[in-house]
Amino acid sequence: KPDDQSDLAVKPRSKSQRPPMYKVLLLNDDFTPMEFVVHVLERLFNMTHAQAIEIMLTVHRRGVAVVGVFSHEVAETKVAQVMELARRQQHPLQCTMEKE
Ligand code: TYC
């Protein structure tokens, strides 16, 4: 049957065939102003004001939250952008990434 797709061709991509994804984590601290964190989330993670407040409060209460899941390259860029904005304003805000 020449038109038949082989089982291999139609098989959904298994997890091991996809590039690994990375969680970007925001960490709580006692000094970074809440408004600054909300601004960072709106600006760098394209969140609405309401979403940004929700995530910021989750970090504030629980110590850490996932702010997004990205390819390695995009996650690295996001972490660097957060750290640079925080450094420029002299806030101790910390952002890290971890393999999903
Ligand atoms: N805990 C900070 C405060 O009370 C607010 C804060 C939220 C800081 C989230 C960092 O990732 C953070 N001002």
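Atoms within a ligand are numbered from 1 in the order they appear, just like the ligands themselves.
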For this session: Return the minimal non-hydrogen interatomic distance between Ala52 and Leu41, and the atom names on each side.
Result: O-CD1, 3.4 Å
For this session: Give the atoms of ligand 1, by number and element, whose distance to some non-hydrogen atom of Leu27 is under 4.0 Å.
Result: 10 (C), 11 (O), 12 (C)
Problem set entry | Those atoms of ligand 1 less than 4.0 Å from some heavy atom in Met34 | 5 (C)
Problem set entry | Nitrogen or oxygen of His60 less than 3.5 angstrom from that of ligand 1 | yes
Exercise. Any link between Ile55 and Val66 through a network of hydrophobic side chains (Ile, Leu, Val, Met, Phe, Trp, Tyr) touching at under 4.5 Å?
Worked result: no
For this session: Could you please spell out the steps behind the side chain to side chain contact (heavy atoms under 4.5 Å, CB included) verdict for Val37 and Leu26?
Result: CA-CA 9 Å; Val37 178; Leu26 202 58; 3.7 Å; yes
For this session: Taking Thr58 for its side chain and Ala65 for its backbone only, find out whether a donor-acceptor pair lies under 3.5 Å.
Result: no
Problem set entry | Distance filter under 4.0 Å to Thr32 heavy atoms, resulting ligand 1 atoms | 2 (C), 3 (C), 5 (C), 6 (C), 8 (C), 13 (N)
Exercise. Which protein heavy atom lies closest to atom 9 (C) of ligand 1, and at what distance to 0.1 Å?
Worked result: Val59 CG1, 3.5 Å
For this session: Give the atoms of ligand 1, by number and element, whose distance to some non-hydrogen atom of Leu26 is under 4.0 Å.
Result: 11 (O)
Exercise. Looking only at protein heavy atoms, which one is nearest to atom 6 (C) of ligand 1, and how far off is it?
Worked result: Asn28 OD1, 3.4 Å
Problem set entry | For ligand 1, the portion of Asp29 having any non-hydrogen atom under 4.0 Å away | both
Exercise. What atoms of ligand 1 come within less than 4.0 Å of a heavy atom belonging to Leu93?
Worked result: 10 (C), 11 (O), 12 (C)
Exercise. Would you call the rings of His72 and Tyr22 parallel, tilted or perpendicular, where under 30° means parallel and over 60° means perpendicular?
Worked result: perpendicular
For this session: Go through the steps for Gln94 and Asp29 under the test side chain to side chain contact (heavy atoms under 4.5 Å, CB included), then give the verdict.
Result: CA-CA 8 Å; Gln94 293 294 307; Asp29 65 73; over 6 Å; no
Exercise. Can you find a pair of side-chain heavy atoms, one from Thr77 and one from Phe70, that are under 4.5 Å apart?
Worked result: no
